[in-house]
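Here is the structure we will look at, set down as C-alpha coordinates.
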Amino acid sequence: SYTGFITQQVRVKADQLVSILLVSANTNLDDVIVTGYSRQSKRNITGAFSTVSSDVVTQTPVGDVGSVLQGRVAGVSVDEQGGPGATSVVRIRGFGSNGNNDVLYVIDGVQVRGGSNLVNPNDIETITVLKDPSITALYGAQGGNGVIVITTKMGKKSAAPKLEYNTYSSFETPTKYPKSLTPQQYANAYWGYLKNSNLALSNQFYGSGATPVLPDYIIQRKGLPVLTAAEGSAAVNPALYNLSNYRILKTNKDGTDWFGALLDQSFSHNHQLTLSGATDKSSYSLGMGYLNNEGTLLGTYFTRYSIRVNTEFRPVKWLKIGENMQFSYTQGAGVSNGNHNPQGLIADLYRRSPLIPIYDITGNYSGPKDFADTKALHPGGNNPVLGQNTGRDNSKGYNAGVIGSAYVDIEPMKNLIFESKVGVQFYPYSYRLFIDTFPQNVYSAPYNQFTEGGGYSTDLRWTNKVSYDIKFKNIHSISAFAAY
(Lines give C-alpha, C1' and ligand atoms only; values in the text may rest on other atoms or scores of the structure.)
Protein backbone atom coordinates (compact mmCIF):
# COMPACT_ATOMS: atom_id res chain seq x y z
CA SER A 1 0.00 0.00 0.00
CA TYR A 2 0.97 3.63 -0.39
CA THR A 3 -0.63 6.97 0.32
CA GLY A 4 -3.27 7.68 -2.32
CA PHE A 5 -3.45 4.10 -3.55
CA ILE A 6 -5.65 1.11 -2.75
CA THR A 7 -4.25 -1.41 -0.24
CA GLN A 8 -3.73 -4.83 -1.86
CA GLN A 9 -2.96 -8.28 -0.47
CA VAL A 10 -1.19 -10.83 -2.70
CA ARG A 11 -0.44 -14.44 -1.73
CA VAL A 12 3.20 -15.28 -2.53
CA LYS A 13 4.41 -18.80 -3.33
CA ALA A 14 7.93 -20.10 -3.14
CA ASP A 15 10.26 -19.02 -5.97
CA GLN A 16 7.54 -16.86 -7.50
CA LEU A 17 8.14 -13.49 -9.14
CA VAL A 18 5.40 -11.10 -8.09
CA SER A 19 4.45 -8.03 -10.09
CA ILE A 20 2.14 -5.57 -8.29
CA LEU A 21 0.52 -2.61 -9.99
CA LEU A 22 -0.49 0.21 -7.67
CA VAL A 23 -4.08 1.29 -8.24
CA SER A 24 -4.98 4.90 -7.53
CA ALA A 25 -7.65 5.38 -4.85
CA ASN A 26 -9.77 8.16 -6.27
CA THR A 27 -13.05 7.13 -4.69
CA ASN A 28 -12.47 9.27 -1.61
CA LEU A 29 -12.70 12.36 -3.79
CA ASP A 30 -16.44 11.74 -3.99
CA ASP A 31 -16.85 11.73 -0.20
CA VAL A 32 -19.25 14.41 0.96
CA ILE A 33 -17.82 17.01 3.34
CA VAL A 34 -20.02 19.15 5.58
CA THR A 35 -18.74 22.72 5.66
CA GLY A 36 -21.55 24.09 7.78
CA TYR A 37 -23.92 25.80 5.37
CA SER A 38 -23.43 23.27 2.60
CA ARG A 39 -22.30 19.77 1.67
CA GLN A 40 -19.67 19.36 -1.03
CA SER A 41 -17.57 16.54 -2.44
CA LYS A 42 -13.88 16.57 -1.64
CA ARG A 43 -12.93 17.14 -5.27
CA ASN A 44 -14.83 20.45 -5.33
CA ILE A 45 -13.27 22.00 -2.21
CA THR A 46 -10.17 24.08 -2.85
CA GLY A 47 -9.60 25.30 0.72
CA ALA A 48 -7.66 23.50 3.46
CA PHE A 49 -9.65 21.08 5.59
CA SER A 50 -9.28 17.76 7.41
CA THR A 51 -11.79 15.13 8.47
CA VAL A 52 -11.96 12.60 11.29
CA SER A 53 -14.36 9.68 10.84
CA SER A 54 -16.65 8.08 13.39
CA ASP A 55 -14.45 4.95 13.45
CA VAL A 56 -11.53 7.02 14.74
CA VAL A 57 -13.73 8.80 17.29
CA THR A 58 -15.14 5.50 18.56
CA GLN A 59 -11.66 4.06 19.07
CA THR A 60 -10.54 7.07 21.11
CA PRO A 61 -11.62 6.72 24.78
CA VAL A 62 -11.77 10.41 25.73
CA GLY A 63 -14.47 12.66 27.13
CA ASP A 64 -13.71 15.79 25.14
CA VAL A 65 -13.98 16.58 21.42
CA GLY A 66 -10.65 18.40 21.39
CA SER A 67 -8.82 15.32 22.67
CA VAL A 68 -10.08 13.36 19.64
CA LEU A 69 -8.17 15.72 17.33
CA GLN A 70 -4.89 15.54 19.22
CA GLY A 71 -2.13 14.32 16.92
CA ARG A 72 -4.55 13.49 14.10
CA VAL A 73 -5.00 16.73 12.16
CA ALA A 74 -2.16 18.70 10.58
CA GLY A 75 -2.00 22.33 11.61
CA VAL A 76 -4.12 21.75 14.73
CA SER A 77 -2.58 21.90 18.20
CA VAL A 78 -4.43 20.56 21.23
CA ASP A 79 -3.34 21.54 24.73
CA GLU A 80 -4.66 19.25 27.45
CA GLN A 81 -5.45 21.27 30.57
CA GLY A 82 -5.18 18.36 32.99
CA GLY A 83 -7.81 17.10 35.35
CA PRO A 84 -11.06 15.28 34.65
CA GLY A 85 -13.60 17.22 32.60
CA ALA A 86 -11.12 19.90 31.57
CA THR A 87 -11.81 21.33 28.11
CA SER A 88 -8.85 21.05 25.75
CA VAL A 89 -7.53 24.25 24.20
CA VAL A 90 -7.65 23.83 20.41
CA ARG A 91 -5.73 26.14 18.11
CA ILE A 92 -5.88 25.96 14.32
CA ARG A 93 -2.73 27.26 12.65
CA GLY A 94 -1.48 28.90 15.82
CA PHE A 95 -2.57 32.14 17.43
CA GLY A 96 -4.28 34.68 15.20
CA SER A 97 -4.71 37.55 17.65
CA ASN A 98 -3.78 38.91 21.07
CA GLY A 99 -7.37 38.38 22.18
CA ASN A 100 -9.66 35.38 22.00
CA ASN A 101 -8.22 32.57 19.86
CA ASP A 102 -10.93 29.99 20.48
CA VAL A 103 -12.16 28.06 17.48
CA LEU A 104 -15.83 28.01 16.49
CA TYR A 105 -17.73 24.73 16.85
CA VAL A 106 -20.69 24.03 14.58
CA ILE A 107 -22.72 21.07 15.85
CA ASP A 108 -25.44 19.93 13.45
CA GLY A 109 -25.60 23.45 12.06
CA VAL A 110 -25.66 25.19 15.46
CA GLN A 111 -22.73 27.51 16.18
CA VAL A 112 -21.26 26.82 19.62
CA ARG A 113 -18.47 28.69 21.41
CA GLY A 114 -16.40 26.55 23.83
CA GLY A 115 -17.74 23.93 26.22
CA SER A 116 -16.70 21.05 23.97
CA ASN A 117 -16.87 18.64 26.93
CA LEU A 118 -20.67 19.03 26.85
CA VAL A 119 -20.72 16.95 23.65
CA ASN A 120 -20.50 13.18 23.95
CA PRO A 121 -17.81 12.02 21.47
CA ASN A 122 -19.66 8.70 21.08
CA ASP A 123 -22.50 10.58 19.33
CA ILE A 124 -20.23 12.00 16.62
CA GLU A 125 -20.46 10.79 13.02
CA THR A 126 -17.78 13.04 11.50
CA ILE A 127 -15.53 15.95 12.46
CA THR A 128 -14.41 18.39 9.79
CA VAL A 129 -11.74 20.97 10.59
CA LEU A 130 -11.96 24.04 8.34
CA LYS A 131 -8.61 25.86 8.30
CA ASP A 132 -8.66 28.08 5.23
CA PRO A 133 -10.24 31.57 5.15
CA SER A 134 -11.88 30.69 1.84
CA ILE A 135 -14.19 28.18 3.58
CA THR A 136 -14.45 29.82 7.02
CA ALA A 137 -15.39 33.25 5.61
CA LEU A 138 -19.06 32.22 5.64
CA TYR A 139 -18.98 32.49 9.43
CA GLY A 140 -17.53 35.99 9.45
CA ALA A 141 -15.42 37.12 12.40
CA GLN A 142 -16.59 34.19 14.53
CA GLY A 143 -14.82 31.79 12.20
CA GLY A 144 -11.60 33.77 12.09
CA ASN A 145 -9.77 31.30 14.33
CA GLY A 146 -10.93 28.26 12.38
CA VAL A 147 -14.09 26.18 12.45
CA ILE A 148 -14.74 22.63 13.64
CA VAL A 149 -17.90 21.19 12.08
CA ILE A 150 -19.43 18.22 13.91
CA THR A 151 -22.25 16.04 12.60
CA THR A 152 -23.91 13.56 14.92
CA LYS A 153 -25.09 10.08 14.07
CA MET A 154 -28.25 9.34 12.11
CA GLY A 155 -29.91 6.07 11.08
CA LYS A 156 -28.56 4.60 7.84
CA LYS A 157 -30.95 4.57 4.88
CA SER A 158 -33.06 1.41 4.52
CA ALA A 159 -31.35 -0.09 7.57
CA ALA A 160 -33.19 -2.28 10.04
CA PRO A 161 -33.49 -1.01 13.62
CA LYS A 162 -30.20 -1.57 15.43
CA LEU A 163 -29.52 -1.48 19.16
CA GLU A 164 -25.87 -1.00 20.19
CA TYR A 165 -24.17 -0.93 23.59
CA ASN A 166 -20.58 0.20 23.90
CA THR A 167 -18.52 0.55 27.05
CA TYR A 168 -14.94 0.96 28.15
CA SER A 169 -13.10 1.35 31.41
CA SER A 170 -9.59 2.49 32.23
CA PHE A 171 -7.14 2.98 35.07
CA GLU A 172 -4.71 5.85 35.40
CA THR A 173 -1.74 5.55 37.73
CA PRO A 174 0.69 8.40 38.46
CA THR A 175 4.29 7.20 38.26
CA LYS A 176 7.70 8.65 38.89
CA TYR A 177 6.45 11.60 40.87
CA PRO A 178 9.11 13.37 42.97
CA LYS A 179 10.31 11.74 46.18
CA SER A 180 10.92 14.16 49.04
CA LEU A 181 13.92 14.26 51.30
CA THR A 182 13.57 12.44 54.58
CA PRO A 183 13.13 14.72 57.62
CA GLN A 184 16.70 13.95 58.69
CA GLN A 185 18.06 14.81 55.22
CA TYR A 186 15.98 17.99 55.32
CA ALA A 187 17.50 18.92 58.69
CA ASN A 188 21.02 18.00 57.56
CA ALA A 189 20.65 20.25 54.51
CA TYR A 190 19.69 23.13 56.79
CA TRP A 191 22.66 22.38 59.04
CA GLY A 192 24.88 22.50 55.97
CA TYR A 193 23.45 25.93 55.16
CA LEU A 194 24.37 27.15 58.66
CA LYS A 195 27.91 25.81 58.34
CA ASN A 196 28.47 27.36 54.91
CA SER A 197 27.15 30.68 56.20
CA ASN A 198 29.34 30.60 59.34
CA LEU A 199 26.25 30.68 61.54
CA ALA A 200 25.73 29.00 64.89
CA LEU A 201 24.56 25.38 64.66
CA SER A 202 21.41 25.97 66.66
CA ASN A 203 17.71 25.95 65.91
CA GLN A 204 14.46 25.66 67.86
CA PHE A 205 13.44 22.54 65.93
CA TYR A 206 16.76 20.71 65.74
CA GLY A 207 18.54 21.72 68.94
CA SER A 208 22.26 22.54 69.14
CA GLY A 209 25.28 20.47 68.26
CA ALA A 210 27.19 18.98 65.36
CA THR A 211 24.15 17.01 64.18
CA PRO A 212 20.53 18.18 64.08
CA VAL A 213 18.11 16.19 66.24
CA LEU A 214 14.50 15.81 65.11
CA PRO A 215 11.82 16.78 67.66
CA ASP A 216 9.20 14.25 68.82
CA TYR A 217 6.35 16.77 68.97
CA ILE A 218 5.52 20.23 67.65
CA ILE A 219 2.97 22.32 69.52
CA GLN A 220 1.09 25.17 67.84
CA ARG A 221 -0.25 27.85 70.20
CA LYS A 222 -2.56 30.65 69.22
CA GLY A 223 -0.65 33.93 69.02
CA LEU A 224 2.52 32.39 70.49
CA PRO A 225 5.69 30.85 69.01
CA VAL A 226 5.74 27.17 68.14
CA LEU A 227 7.09 24.79 70.79
CA THR A 228 8.92 21.49 70.45
CA ALA A 229 8.74 18.72 73.01
CA ALA A 230 10.15 15.27 73.64
CA GLU A 231 8.20 12.07 74.19
CA GLY A 232 6.78 11.96 77.73
CA SER A 233 6.86 15.72 78.23
CA ALA A 234 3.97 17.22 80.19
CA ALA A 235 3.47 19.70 77.35
CA VAL A 236 2.16 16.92 75.07
CA ASN A 237 -0.52 15.71 77.49
CA PRO A 238 -3.58 15.03 75.29
CA ALA A 239 -5.74 16.73 77.91
CA LEU A 240 -4.17 20.06 76.95
CA TYR A 241 -5.13 19.68 73.29
CA ASN A 242 -7.44 22.31 71.80
CA LEU A 243 -8.02 22.63 68.05
CA SER A 244 -8.24 26.41 68.20
CA ASN A 245 -5.55 27.24 70.76
CA TYR A 246 -3.24 24.29 71.46
CA ARG A 247 -2.64 21.80 68.65
CA ILE A 248 -0.19 18.94 69.25
CA LEU A 249 1.51 17.31 66.27
CA LYS A 250 3.50 14.08 66.56
CA THR A 251 6.23 14.53 63.99
CA ASN A 252 6.65 11.97 61.23
CA LYS A 253 10.35 11.11 61.43
CA ASP A 254 9.99 8.62 58.59
CA GLY A 255 8.70 11.42 56.38
CA THR A 256 5.23 12.29 55.12
CA ASP A 257 4.78 11.43 51.46
CA TRP A 258 2.68 14.44 50.44
CA PHE A 259 2.75 13.49 46.77
CA GLY A 260 1.55 9.98 47.61
CA ALA A 261 -1.23 11.41 49.79
CA LEU A 262 -2.50 13.64 46.97
CA LEU A 263 -1.97 11.40 43.92
CA ASP A 264 -3.38 7.92 43.50
CA GLN A 265 -4.70 5.48 40.93
CA SER A 266 -8.02 6.48 39.38
CA PHE A 267 -10.76 4.54 37.61
CA SER A 268 -12.93 5.79 34.75
CA HIS A 269 -15.75 4.15 32.82
CA ASN A 270 -18.04 5.13 29.96
CA HIS A 271 -21.31 3.61 28.74
CA GLN A 272 -23.21 4.31 25.51
CA LEU A 273 -26.57 2.92 24.36
CA THR A 274 -27.72 3.73 20.81
CA LEU A 275 -30.88 2.85 18.89
CA SER A 276 -30.99 3.71 15.20
CA GLY A 277 -32.80 2.80 12.03
CA ALA A 278 -34.26 4.16 8.80
CA THR A 279 -36.83 3.59 6.09
CA ASP A 280 -37.33 5.19 2.70
CA LYS A 281 -39.25 8.05 4.31
CA SER A 282 -37.71 8.41 7.76
CA SER A 283 -34.57 7.89 9.80
CA TYR A 284 -33.81 8.18 13.47
CA SER A 285 -31.03 7.79 16.01
CA LEU A 286 -31.37 7.87 19.80
CA GLY A 287 -28.30 7.84 22.03
CA MET A 288 -27.81 7.83 25.79
CA GLY A 289 -24.43 8.10 27.45
CA TYR A 290 -22.87 8.09 30.90
CA LEU A 291 -19.26 9.01 31.71
CA ASN A 292 -17.59 8.80 35.13
CA ASN A 293 -14.02 10.05 35.11
CA GLU A 294 -12.09 10.02 38.38
CA GLY A 295 -8.94 12.11 38.56
CA THR A 296 -5.54 11.01 39.86
CA LEU A 297 -5.50 14.12 42.08
CA LEU A 298 -7.41 13.54 45.30
CA GLY A 299 -10.99 14.84 45.20
CA THR A 300 -11.20 15.47 41.45
CA TYR A 301 -13.85 13.89 39.22
CA PHE A 302 -16.14 14.51 36.27
CA THR A 303 -19.49 12.90 35.46
CA ARG A 304 -21.65 13.48 32.40
CA TYR A 305 -25.11 12.28 31.44
CA SER A 306 -26.11 12.83 27.83
CA ILE A 307 -29.13 12.19 25.61
CA ARG A 308 -29.31 12.76 21.85
CA VAL A 309 -32.32 12.47 19.53
CA ASN A 310 -31.97 12.89 15.76
CA THR A 311 -34.95 12.33 13.46
CA GLU A 312 -35.72 13.09 9.83
CA PHE A 313 -38.93 12.55 7.83
CA ARG A 314 -39.72 12.82 4.11
CA PRO A 315 -43.54 12.54 3.84
CA VAL A 316 -43.44 13.56 0.18
CA LYS A 317 -40.65 13.69 -2.36
CA TRP A 318 -40.25 17.47 -2.25
CA LEU A 319 -40.43 17.95 1.54
CA LYS A 320 -38.00 17.01 4.29
CA ILE A 321 -38.51 17.74 8.01
CA GLY A 322 -36.03 16.96 10.76
CA GLU A 323 -34.50 17.85 14.08
CA ASN A 324 -31.25 17.30 15.99
CA MET A 325 -31.42 17.68 19.75
CA GLN A 326 -28.95 16.81 22.48
CA PHE A 327 -28.93 17.36 26.23
CA SER A 328 -26.03 17.00 28.64
CA TYR A 329 -25.71 17.34 32.40
CA THR A 330 -22.28 17.51 34.03
CA GLN A 331 -20.89 17.69 37.54
CA GLY A 332 -17.32 17.68 38.70
CA ALA A 333 -14.43 18.99 40.71
CA GLY A 334 -11.41 19.66 38.56
CA VAL A 335 -7.92 21.06 38.93
CA SER A 336 -8.19 24.79 39.55
CA ASN A 337 -6.18 27.22 37.48
CA GLY A 338 -4.32 28.26 40.63
CA ASN A 339 -2.60 24.87 40.68
CA HIS A 340 -0.78 25.73 37.46
CA ASN A 341 1.40 28.46 39.02
CA PRO A 342 4.38 28.46 41.45
CA GLN A 343 2.05 29.21 44.37
CA GLY A 344 -0.36 26.39 43.54
CA LEU A 345 -1.11 23.18 45.40
CA ILE A 346 1.32 20.95 43.49
CA ALA A 347 4.21 23.44 43.64
CA ASP A 348 3.72 23.75 47.41
CA LEU A 349 4.33 20.01 47.83
CA TYR A 350 7.93 20.45 46.74
CA ARG A 351 8.65 22.88 49.59
CA ARG A 352 6.48 21.36 52.32
CA SER A 353 8.45 19.77 55.18
CA PRO A 354 8.10 15.97 55.36
CA LEU A 355 8.37 16.23 59.16
CA ILE A 356 4.84 17.65 59.38
CA PRO A 357 2.17 14.92 59.64
CA ILE A 358 -1.16 14.96 57.82
CA TYR A 359 -3.12 14.62 61.09
CA ASP A 360 -2.51 15.79 64.66
CA ILE A 361 -2.67 13.50 67.72
CA THR A 362 -6.49 13.54 67.83
CA GLY A 363 -7.00 12.77 64.15
CA ASN A 364 -7.83 16.31 63.07
CA TYR A 365 -6.06 17.66 60.00
CA SER A 366 -2.83 19.51 60.69
CA GLY A 367 -2.45 23.07 59.44
CA PRO A 368 0.01 25.98 59.23
CA LYS A 369 -1.83 28.49 61.43
CA ASP A 370 0.46 30.03 64.11
CA PHE A 371 3.41 28.27 62.45
CA ALA A 372 6.02 30.70 61.18
CA ASP A 373 7.64 29.82 57.88
CA THR A 374 11.44 29.52 58.25
CA LYS A 375 14.36 28.13 56.30
CA ALA A 376 14.65 25.38 58.90
CA LEU A 377 11.13 24.06 58.47
CA HIS A 378 8.56 25.04 55.87
CA PRO A 379 5.03 24.18 57.10
CA GLY A 380 3.53 24.88 53.68
CA GLY A 381 0.15 26.31 52.90
CA ASN A 382 -3.13 24.94 54.16
CA ASN A 383 -3.21 21.16 54.45
CA PRO A 384 -3.75 19.96 50.83
CA VAL A 385 -5.43 16.71 51.93
CA LEU A 386 -7.92 18.72 53.96
CA GLY A 387 -8.53 21.11 51.07
CA GLN A 388 -9.10 18.40 48.45
CA ASN A 389 -11.34 16.23 50.62
CA THR A 390 -13.57 19.03 51.90
CA GLY A 391 -13.56 20.77 48.52
CA ARG A 392 -15.24 17.80 46.86
CA ASP A 393 -17.85 17.49 49.61
CA ASN A 394 -18.51 21.17 50.23
CA SER A 395 -18.65 22.43 46.65
CA LYS A 396 -21.49 21.11 44.53
CA GLY A 397 -23.16 22.26 41.36
CA TYR A 398 -23.87 21.40 37.77
CA ASN A 399 -23.55 22.62 34.22
CA ALA A 400 -26.07 21.57 31.61
CA GLY A 401 -26.55 22.24 27.94
CA VAL A 402 -29.30 21.87 25.38
CA ILE A 403 -28.10 22.20 21.80
CA GLY A 404 -30.50 21.57 18.96
CA SER A 405 -32.05 22.56 15.70
CA ALA A 406 -35.21 21.94 13.69
CA TYR A 407 -35.33 22.36 9.94
CA VAL A 408 -37.57 22.18 6.88
CA ASP A 409 -36.28 21.55 3.35
CA ILE A 410 -38.53 22.24 0.36
CA GLU A 411 -37.57 21.30 -3.21
CA PRO A 412 -40.19 22.92 -5.50
CA MET A 413 -38.21 21.95 -8.59
CA LYS A 414 -35.27 19.68 -9.23
CA ASN A 415 -32.01 20.90 -7.60
CA LEU A 416 -33.65 24.06 -6.16
CA ILE A 417 -33.88 23.75 -2.38
CA PHE A 418 -35.25 26.15 0.23
CA GLU A 419 -34.13 25.43 3.78
CA SER A 420 -35.28 27.07 6.99
CA LYS A 421 -33.56 26.11 10.23
CA VAL A 422 -33.98 27.25 13.84
CA GLY A 423 -31.02 26.59 16.15
CA VAL A 424 -31.20 26.94 19.91
CA GLN A 425 -28.73 26.76 22.79
CA PHE A 426 -29.64 26.81 26.48
CA TYR A 427 -26.99 26.53 29.21
CA PRO A 428 -28.25 26.51 32.81
CA TYR A 429 -25.85 26.19 35.74
CA SER A 430 -26.01 26.11 39.51
CA TYR A 431 -23.50 26.08 42.37
CA ARG A 432 -23.49 25.62 46.13
CA LEU A 433 -20.45 26.29 48.32
CA PHE A 434 -20.03 25.65 52.04
CA ILE A 435 -16.98 27.07 53.84
CA ASP A 436 -16.29 25.52 57.23
CA THR A 437 -14.21 27.03 60.03
CA PHE A 438 -10.81 25.39 60.26
CA PRO A 439 -8.76 27.17 62.94
CA GLN A 440 -5.62 25.32 61.83
CA ASN A 441 -5.78 27.03 58.42
CA VAL A 442 -4.29 30.38 57.52
CA TYR A 443 -7.02 32.97 56.82
CA SER A 444 -9.60 30.66 58.35
CA ALA A 445 -13.20 31.82 58.03
CA PRO A 446 -14.43 33.30 61.35
CA TYR A 447 -17.78 31.54 60.95
CA ASN A 448 -19.43 29.00 58.67
CA GLN A 449 -20.49 30.36 55.29
CA PHE A 450 -22.87 29.03 52.66
CA THR A 451 -23.23 30.45 49.17
CA GLU A 452 -25.46 29.34 46.33
CA GLY A 453 -26.40 30.73 42.98
CA GLY A 454 -27.13 29.92 39.38
CA GLY A 455 -28.07 31.31 36.04
CA TYR A 456 -28.38 30.48 32.38
CA SER A 457 -27.48 31.70 28.93
CA THR A 458 -29.39 31.29 25.68
CA ASP A 459 -28.78 31.66 21.97
CA LEU A 460 -31.45 31.51 19.26
CA ARG A 461 -30.70 31.65 15.54
CA TRP A 462 -33.00 31.42 12.55
CA THR A 463 -31.28 30.65 9.25
CA ASN A 464 -32.93 30.67 5.83
CA LYS A 465 -31.09 29.40 2.77
CA VAL A 466 -31.83 28.82 -0.90
CA SER A 467 -29.44 26.74 -3.03
CA TYR A 468 -29.34 25.57 -6.61
CA ASP A 469 -27.06 22.96 -8.21
CA ILE A 470 -26.86 22.10 -11.88
CA LYS A 471 -24.53 19.79 -13.80
CA PHE A 472 -23.87 19.82 -17.55
CA LYS A 473 -23.10 16.52 -19.31
CA ASN A 474 -21.63 15.14 -16.07
CA ILE A 475 -18.58 17.33 -16.57
CA HIS A 476 -19.38 20.90 -15.54
CA SER A 477 -21.34 21.93 -12.49
CA ILE A 478 -22.58 25.19 -10.99
CA SER A 479 -23.53 25.53 -7.34
CA ALA A 480 -24.89 28.67 -5.74
CA PHE A 481 -26.67 29.54 -2.53
CA ALA A 482 -27.79 32.56 -0.55
CA ALA A 483 -28.44 32.56 3.17
CA TYR A 484 -29.80 34.91 5.77
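Only heavy atoms go into these numbers, but all of them, side chains included; no hydrogens, no water, no symmetry mates.
Listed by chain and number, the residues in a salt bridge (Lys or Arg N to Asp or Glu O under 4.0 Å) with E452 amount to none (sequence neighbours excluded). Remark: K250 engages E231 in a salt bridge (Lys or Arg N to Asp or Glu O under 4.0 Å) (not counting sequence neighbours). Listed by chain and number, the residues in a side-chain hydrogen bond (donor to acceptor under 3.5 Å, both in side chains) with T374 amount to none (sequence neighbours excluded). For F426, the ring pair (Phe, Tyr, Trp, His ring centres under 6.0 Å) partners at least two apart in sequence or on another chain are Y456. Under the rule for a salt bridge (Lys or Arg N to Asp or Glu O under 4.0 Å), D108 has no partner lying at least two apart in sequence or in another chain. Residues satisfying the ring pair (Phe, Tyr, Trp, His ring centres under 6.0 Å) criterion with Y429, sequence neighbours excluded, are absent altogether. Scored by the ring pair (Phe, Tyr, Trp, His ring centres under 6.0 Å) test, F327 finds no partners at all (sequence neighbours excluded). Scanning for salt bridge (Lys or Arg N to Asp or Glu O under 4.0 Å) contacts around E294 gives R392, with sequence neighbours left out. The ring pair (Phe, Tyr, Trp, His ring centres under 6.0 Å) test applied to H269 returns F267, H271, Y290, not counting sequence neighbours.
With hydrogens and angles left out, the side-chain atoms of S366 and N383 include a donor and acceptor closer than 3.5 Å. If you check the side chains of N394 and T390, you find no donor sitting under 3.5 Å from an acceptor. E312 and S283 form no side-chain donor-acceptor contact under 3.5 Å, judged by distance and modelled atom types alone. Remark: the R247 side chain and the Q440 side chain contain no N/O donor-acceptor pair separated by less than 3.5 Å. Between the side chains of Q449 and Y447, no donor-acceptor pair is found at a separation under 3.5 Å. If you check the side chains of Y407 and N324, you find no donor sitting under 3.5 Å from an acceptor. Defined by atom type and a distance below 3.5 Å, a donor-acceptor pair is present between the side-chain atoms of S67 and S88. Remark: the S276 side chain and the K153 side chain contain no N/O donor-acceptor pair separated by less than 3.5 Å. Side chains of T451 and R432: no donor on one and acceptor on the other come within 3.5 Å. A donor and an acceptor atom, one from each side chain of N310 and S285, are nowhere located under 3.5 Å apart. A side-chain N or O of N122 and one of N120 form a donor-acceptor pair less than 3.5 Å apart. Using a 3.5 Å distance cut-off with no hydrogens or angles, the side chains of T126 and T151 do pair a donor with an acceptor. Looking at S328 and S306, their side chains never bring a donor and an acceptor atom within 3.5 Å of each other.
Annotation: Y484, atom OH; neighbour count of heavy atoms from other residues, nucleotides and ligands within 6.0 Å does not exceed 12. For K162, the NZ atom sits in a loose shell: 12 or fewer heavy atoms of surrounding residues, nucleotides or ligands are nearer than 6.0 Å.
Applying the ring-ring contact (aromatic ring centres under 6.0 Å, His included) definition to pairs two or more places apart or across chains, none involves residues 56-77. Each salt bridge (Lys or Arg N to Asp or Glu O under 4.0 Å) pair with one or both residues in residues 209-220, not counting sequence neighbours, appears once here: D216-K253.
Proximity of M154 to T152: side-chain heavy atoms (C-beta onward) are nowhere separated by under 4.5 Å. Looking at L433 and F450, their side chains never come closer than 4.5 Å, going by heavy atoms from C-beta outward. Contact check for E164 versus L273: no side-chain heavy atoms found under the 4.5 Å cut-off. Residues V65 and I124 form a side-chain contact, since some pair of their non-hydrogen atoms from C-beta on lies under 4.5 Å apart.
Taking the six-membered ring for Trp, F205 and Y190 have ring centres at least 6.0 Å apart.
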Give every donor-acceptor pair under 3.5 Å between a side-chain atom in residues 168-177 and any protein atom, sequence neighbours left out.
unit_1: T173; atom_1: OG1; unit_2: Q265; atom_2: NE2; d: 2.9

Ring pair (Phe, Tyr, Trp, His ring centres under 6.0 Å) assessment of Y359 paired with Y365: CA-CA 4 Å; Y359 305 97; Y365 288 103; 5.1 Å; yes

Check against ring pair (Phe, Tyr, Trp, His ring centres under 6.0 Å), Y398 and Y431: CA-CA 7 Å; Y398 73 84; Y431 62 88; over 10 Å; no

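Salt bridge D123/R308: present, at least one basic N to carboxylate O contact under 4.0 Å.
A side-chain donor-acceptor contact under 3.5 Å links Q331 to the backbone of G397.
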